[in-house]
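Structure, as structure tokens:
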Amino acid sequence: MREVVLKTAGDFAEWRSAARGLLAGGVAPEDVSWRGGGEGASLFGDAVVAAPGAAVSLPRELLEIAERVICHRDPEVPARLYRVIWRAARDRQLLARTTDAEVDWLRGADKAIRRDVHKMHAFVRFRRVGEAAGRERFAAWFEPSHRILRLTAPFFQRRFTGMDWAIVTPDARAIWQDETLTYGPGGTKDEVPDSDVVEDQWRTYYGAIFNPARVKVDAMRAEMPKKYWKNLPEAQDIAPLLAGAEARVERMRETAVSLANPLTEKWRTRVPDELALDNDVKTLDELARAVDKCKRCPLYCHATQGVAGEGPKAARIMLVGEQPGDQEDLQGRPFVGPAGQVLNEALEEAGLDRKRLFLTNAVKHFKFEPRGKRRLHQNPTTGEIDICRWWLDKERAFVQPELIVTLGASALRGVTGKSASIKSMRGAAHELEGGAKLVATIHPSFLLRMPDRTRAAEERKAFVADLIRARKLAA
Ligand code: URA
């Protein structure tokens with residue numbers, strides 16, 4: 001009986017080298033005993049080495065599967081895998097024999113690993129741990145079901161190339177630093193900070209995409225099993241979001257009823273009676289006061305005030321955002337919160353003077369979901385954007401800009417009245433009815449929500465390039 005002692009459980013190269021030696025030596029599976037672990041143990045109890053020139057050819061698919069399945073925690077895996085390759089070396093069609101018990105086991109184990117890899121890709125959350133040599137450093141703690149770190153690390157390397165990071169698991173750690181990926185020993189959860197600034201962004205993002213009307217609890221649990229929750233910043237919001245889902249759906253229903261299909265002409269013609277005075281606004285100041293009194297849709301009910309655009313009446317360029325955010329709602333001015341800061345910096349880089357631009361939004365009231373003391377942004381519906389176009393059209397008529405920059409999809413809808421993707425409109429100037437030009441770009445808050453710093457930097461560059469294009473077109 002040969003005894004093989006594998007030094008590192010789950011190490012494909014080590015298992016493959018041993019298996020090759022055994023295969024080449026003609027050692028049958030029943031004559032091998034595989035053991036895992038053991039500090040300082042030699043690779044082979046019985047020094048099995050590959051016999052030169054006696055390499056056995058195996059189907060590529062089988063080797064690919066074996067590379068994944070060796071990560072499985074079942075201690076029988078090295079032996080079972082060897083049995084499969086022993087047979088496959090004699091039967092090239094083995095993998096196609098779906099009723100074969102060993103093939104069935106192999107496929108099942110492979111599926112478990114691929115599922116685990118998928119979960120790790122989705123649920124690793126990096127926390128910022130500092131900065132060194134001008135590069136930000138992040139760390140993540142993760143507990144995969146199997147020993148899959150080497151299978152997943154290249155994915156994170158590709159996605160987070162621009163920052164230094166470490167992923168620590170109980171079995172091993174992967175470290176991406178100085179453009180090099182290395183592996184080290186396993187660690188513990190307390191090596192990685194519990195929370196950081198990125199956390200709030202994840203929670204905000206999750207809250208924003210959570211749709212109470214679509215929630216299917218069983219499907220959600222299957223996709224995001226509870227065992228991962230403790231490392232997910234957004235998971236602490238799942239219970240309150242679920243608890244409040246029914247009430248939110250109810251509120252959505254009520255709102256829908258009071259809106260009475262906002263796209264219909266009936267709605268459009270009903271409101272102007274009450275707001276006939278709006279037709280008389282003669283200055284931008286009067287318009288701002290009228291915006292504040294607007295009751296054209298239910299969004300006014302919860303917002304602090306209506307926020308009209310600001311800037312010189314003779315501005316050549318008009319920038320249109322989506323809607324006021326939390327800070328804009330409180331201060332009554334567009335783009336004075338975090339997205340405004342991102343915008344200000346990009347404008348400066350693009351050589352545009354904010355004081356010479358007219359800044360406004362497609363929707364004039366802040367739409368949000370209260371969460372404790374916070375108010376979480378909610379996207380306006382197409383109906384809300386279309387109703388609010390009343391005001392945007394008036395602002396356009398006053399300012400008559402030569403060029404309009406739409407920031408994000410809601411702004412694009414507000415200006416054009418059509419649903420088009422930013423991607424399809426970006427990179428070229430379009431002519432609007434009335435002769436003004438249109439440049440479509442992303443919303444600055446999109447950059448704030450991107451956890452991948454490298455991608456965010458690229459997107460920001462493209463955003464500034466769009467603003468430069470706008471400046472040149474309006475010159
Ligand atoms: N986002 C917007 O679209 N507009 C603002 O005014 C602020 C944030």
Side-chain angles (χ1 to χ4, degrees), residues 200-201 204-205 207-209 284 287-288 291-292 294 297 299-300 302-312 315 317-348 350 352 354-369 374-389 391-392 394-396 399 401 404-416 419 421-422 425-426 438-450 456 459-460 463-464 466-467 470:
D200 261 359
Q201 290 175 16
T204 305
Y205 171 71
I209 60 164
L284 282 168
L287 185 138
V291 161
D292 190 30
C294 179
C297 80
L299 291 188
Y300 78 92
H302 302 292
T304 311
Q305 56 193 314
V307 181
E310 71 171 22
I317 302 179
M318 175 181 273
L319 256 61
V320 182
E322 181 188 72
Q323 60 166 335
D326 181 74
Q327 280 305 309
E328 290 78 12
D329 169 80
L330 296 172
Q331 298 183 39
R333 294 180 52 207
F335 285 106
V336 289
Q341 268 176 35
V342 176
L343 178 64
N344 288 347
E345 283 164 21
L347 286 174
E348 199 177 326
L352 284 164
R354 175 171 167 148
K355 291 195 289 298
R356 301 181 65 183
L357 308 174
F358 192 89
L359 264 66
T360 190
N361 284 301
V363 171
K364 307 299 191 213
H365 280 106
F366 178 32
K367 182 176 180 185
F368 62 91
E369 171 70 20
R374 294 190 303 157
R375 304 189 297 171
L376 297 188
H377 161 275
Q378 284 195 310
N379 293 327
T381 61
T382 309
E384 286 154 355
I385 296 170
D386 289 349
I387 289 168
C388 220
R389 186 172 309 108
W391 295 116
L392 184 58
K394 280 188 184 302
E395 287 176 326
R396 283 172 65 181
V399 180
I404 298 181
V405 181
T406 53
L407 307 168
S410 300
L412 189 54
R413 170 86 200 187
V415 171
T416 62
S419 289
S421 70
I422 300 173
M425 303 282 284
R426 214 167 170 191
L438 166 78
V439 166
T441 186
I442 54 157
H443 193 282
S445 66
F446 175 59
L447 302 174
L448 280 173
R449 288 195 306 267
M450 291 185 93
E459 282 295 344
R460 188 176 179 281
F463 179 48
V464 172
D466 288 336
L467 295 174

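Order of appearance sets the numbers: ligands from 1, and atoms from 1 within every ligand.
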Shortest non-hydrogen separation from Phe358 to Pro312 and the atoms involved = CD1-O, 3.8 Å
Gln323 pairs by side-chain hydrogen bond (donor to acceptor under 3.5 Å, both in side chains) with which of His377, Glu328, Gln378, Glu384?
-> His377
Would you kindly specify which portion of Glu322 sits under 4.0 Å from ligand 1, judged on non-hydrogen atoms: side chain, backbone, both or neither?
-> both
Flag side-chain contact, heavy atom, 4.5 Å: Leu407 against Ile442 = no
Taking only non-hydrogen atoms of His443 and a 4.0 Å limit, the atoms of ligand 1 in range are 1 (N), 2 (C), 3 (O)
Any residue meeting ring pair (Phe, Tyr, Trp, His ring centres under 6.0 Å) with Phe446, in chain and number order, not counting sequence neighbours = none
Pairing of Lys364 and Glu395 as salt bridge, 4.0 angstrom limit = yes
Could you find the nearest protein heavy atom to atom 4 (N) of ligand 1 and give me its residue, atom name and distance?
-> Asn361 OD1, 2.7 Å
Ligand-side contact atoms (ligand 1) for residue partner Pro334, heavy atom cut-off under 4.0 Å | 6 (O)
Tell me, which protein residue and heavy-atom name are nearest atom 2 (C) of ligand 1, and how many Å apart are they?
-> Gln323 O, 2.9 Å
Residues Glu310 and Arg354 bridged, charged N to O under 4.0 Å = yes
Give a yes/no verdict on whether any heavy atom in Gln327 is under 4.0 Å from an atom of ligand 1.
-> no
Do ligand 1 and Gly321 have nitrogen or oxygen atoms that lie under 3.5 Å from each other?
-> no
Nearest-neighbour protein heavy atom for atom 6 (O) of ligand 1, which is reported as residue plus atom name and distance = Phe335 N, 2.8 Å
